[in-house]
Amino acid sequence: MRIRAVIFAMVLMIAQSRAGDMPQLDEFNANVKLPTLDARVSIGFNYDFLRAPTDVSFDYPKGYFGFNVPIEQNINLRDFLNYIDPAIDSIFADTSIFTNGRDFRPRGKARQNPNTTFRVDVPMMGGVASFSNIQNFFLSYTNILGNNNIYANPDSLGEGISFLLRGSINVPLSLQLGWETMTFGYAYKINRYLTMALNLHRHLFTMDIRGKINVNLMGRLKYEGKGADGIDLDQELDYPSEKVNGSAYGHYEAEVWSPTIGLKAWRFTLTSRFGLRTRAKGEFVARYSVPFFVDQETFDFNVDFNDPSQYTDPEFLNNLNSNAVDSVIYSTKKDGKGSDLQWRMPTGLTVAFDIIPQYLAVSYTKTFGDVLLKIDRIEKEHKAADGWSRPGTNDSLVIDMGANVDHVILLHLNIYNAFLNIGVFGMDFRYADKENLIGSKMPYMHMGKSAMLPVLNFGSTIGTKFRVLLELDVLPLPAFKSGVLYYF
């Protein structure tokens, strides 16, 4: 089964993006206007988590509080898709659903999400004890999509038969992923050339899904029977949002510990961040109803309103007469228990070298594995218009996606209180057995099979004992970062 059968709002977005998933204009002579799409993506990654555990103050206690101020970017999603895969533009232009496809400009907004860092280093017992709480990562995706103006009026049904359907489908969707880390660490300087450190991290992962569907359709079917059939029908179709609607809810949460080991010998620094595997407890439930002539998975019409024989079918007429609906429930609950979300984070190994101590350094990070998010055993129950409940004992779904960040190469430059970090890294996504979803589509800028993304940020601290941080993240997502450092 396809993932779009799980989160019905995503289904509609996919269905409206591909010609094969939407009814064609010449198929039933309807006037269906272009779909609306307003997507907002907010991604925040806190680079403070990448600080080497040996990078602490051995001379003075130090406190730090930092935060970022996101800078929002507007994106023409059509141009973005065309960059990833030029064939998409020709698909939009050649299909009847996008007859005026070149005038279709779906908009999106992307920005970093606000995140904060609190950290304190305290020299004690010949070393330095440290504590920090960092909002490492937060992803927020919201989307309002659907078809705000459906107007179907076939004119080739034959004498005495007329059909009119109009209304709207509106689907708001929200997905949020969060990762927060509390760290307890201790670094010990054996001599001027050798320092060792150990950090213990308490990770908190959360995921929330919210979705809603509102279908509001009205129409009328008029059939004047002729000959032996002798059927006369003047039926009003009424599917208000109070009757045809739905919602989706999901929440998962996990807490897990992991270590990080640091070693600094002469000008070399080695940092090993251990990966983790855990299962987040939670549940996912989606319930919704649609008119019986709308497919529950693709939201296409599943009947041919151009075919006059439809209107002589007793079952079809009974469903029309009662304004029947089909209901579907997708749930991870089984025997009162939910299905766990599998969460995996990769192991990372960073090697850094001080070319000019305190002024110029280079670092390389290699990761082993990827970020995994997987939910299985999502079961389906279908209640058709005839009231018969059909449990989907063999109709289960699996959400299996992953992300990979690898080969992070950075050059670090420090001049007095100013600093500059510049570099590149590879990033890609996977769903099920389909890998390199970004890298395989990009015409250039590759790092292996992954997409190659640049990193650029610079800033400075102002002050002596009490310092103010001013930092600008330019790439990959722009954000202004500030904070205060205080040397006790």
Side-chain angles (χ1 to χ4, degrees), residues 1-18 20-24 27-28 30 32-33 35-37 97 143-152 163-173 209-221 235-250 284-305 310 313 315-331 378-392 395 397:
M1 292 293 293
R2 295 168 293 184
I3 185 175
R4 59 184 187 180
V6 185
I7 306 176
F8 53 86
M10 291 184 176
V11 175
L12 189 56
M13 180 177 67
I14 297 173
Q16 289 174 336
S17 301
R18 301 190 304 179
D21 290 337
M22 288 293 293
Q24 303 301 302
E27 185 177 328
F28 55 90
V32 182
K33 292 190 176 181
T36 60
L37 179 60
I97 187 63
N143 202 5
I144 300 176
L145 53 128
N147 200 323
N148 289 331
N149 195 335
I150 297 176
Y151 177 74
F163 175 78
L164 173 66
L165 180 68
R166 69 184 313 164
S168 65
I169 299 177
N170 183 267
V171 182
L173 171 70
I209 302 172
R210 297 291 187 275
K212 188 175 180 62
I213 181 171
N214 293 311
V215 181
N216 200 334
L217 295 172
M218 296 186 66
R220 181 173 292 275
L221 169 65
Q235 174 65 39
E236 181 177 290
L237 308 178
D238 186 10
Y239 289 95
S241 58
E242 294 82 7
K243 181 177 182 180
V244 188
N245 53 45
S247 62
Y249 164 83
F284 171 78
V285 179
R287 299 182 178 92
Y288 61 97
S289 300
V290 294
F292 75 96
F293 50 81
V294 175
D295 187 272
Q296 307 92 26
E297 293 186 7
T298 65
F299 293 90
D300 292 344
F301 291 147
N302 55 21
V303 301
D304 184 6
F305 290 110
Q310 285 278 4
D313 182 353
E315 182 180 357
F316 177 76
L317 293 178
N318 288 335
N319 287 335
L320 277 181
N321 186 53
S322 61
N323 291 319
V325 299
D326 283 352
S327 300
V328 178
I329 299 176
Y330 291 98
S331 175
I378 303 176
E379 297 191 352
K380 172 184 177 182
E381 181 178 348
H382 173 211
K383 181 175 289 187
D386 57 12
W388 180 31
S389 179
R390 304 181 179 92
D395 191 3
L397 308 171

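None of these values were measured; they are calculated from a predicted model.
- Residues passing the salt bridge (charged side-chain N to carboxylate O under 4.0 Å, His left out) test with R220, sequence neighbours excluded: D234, E236.
- Atoms OH and CZ, from Y249 and F284 in turn, are 11.5 Å apart once rounded to the nearest 0.5 Å.
- To the nearest 0.5 angstrom, R287 atom CZ is 7.0 Å from S331 atom OG.
- No side-chain heavy atom of S327 sits under 4.5 Å from any side-chain heavy atom of I329.
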For L237 and L217, what are the C-alpha separation, side-chain angles and deciding distance, and is it a side chain to side chain contact (heavy atoms under 4.5 Å, CB included)?
CA-CA 8 Å; L237 308 178; L217 295 172; over 6 Å; no
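- The shortest side-chain heavy-atom distance between D326 and S289 does not fall under the 4.5 Å cut-off.
- Although no hydrogens or angles enter the test, the distance criterion places no donor-acceptor pair under 3.5 Å between the side chain of K243 and the main chain of N216.
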So F292 and V325, side chain to side chain contact (heavy atoms under 4.5 Å, CB included) or not? Walk me through it.
CA-CA 5 Å; F292 75 96; V325 299; over 6 Å; no
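- The aromatic rings of Y239 and F293 sit perpendicular, their planes meeting at an angle over 60°, well past the 30° parallel limit.
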Take V328 and Y288 through the test side chain to side chain contact (heavy atoms under 4.5 Å, CB included) and record every step on the way to the result.
CA-CA 6 Å; V328 178; Y288 61 97; 4.2 Å; yes
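- E242 CD to N214 CG: the interatomic distance, rounded to the nearest 0.5 Å, is 9.0 Å.
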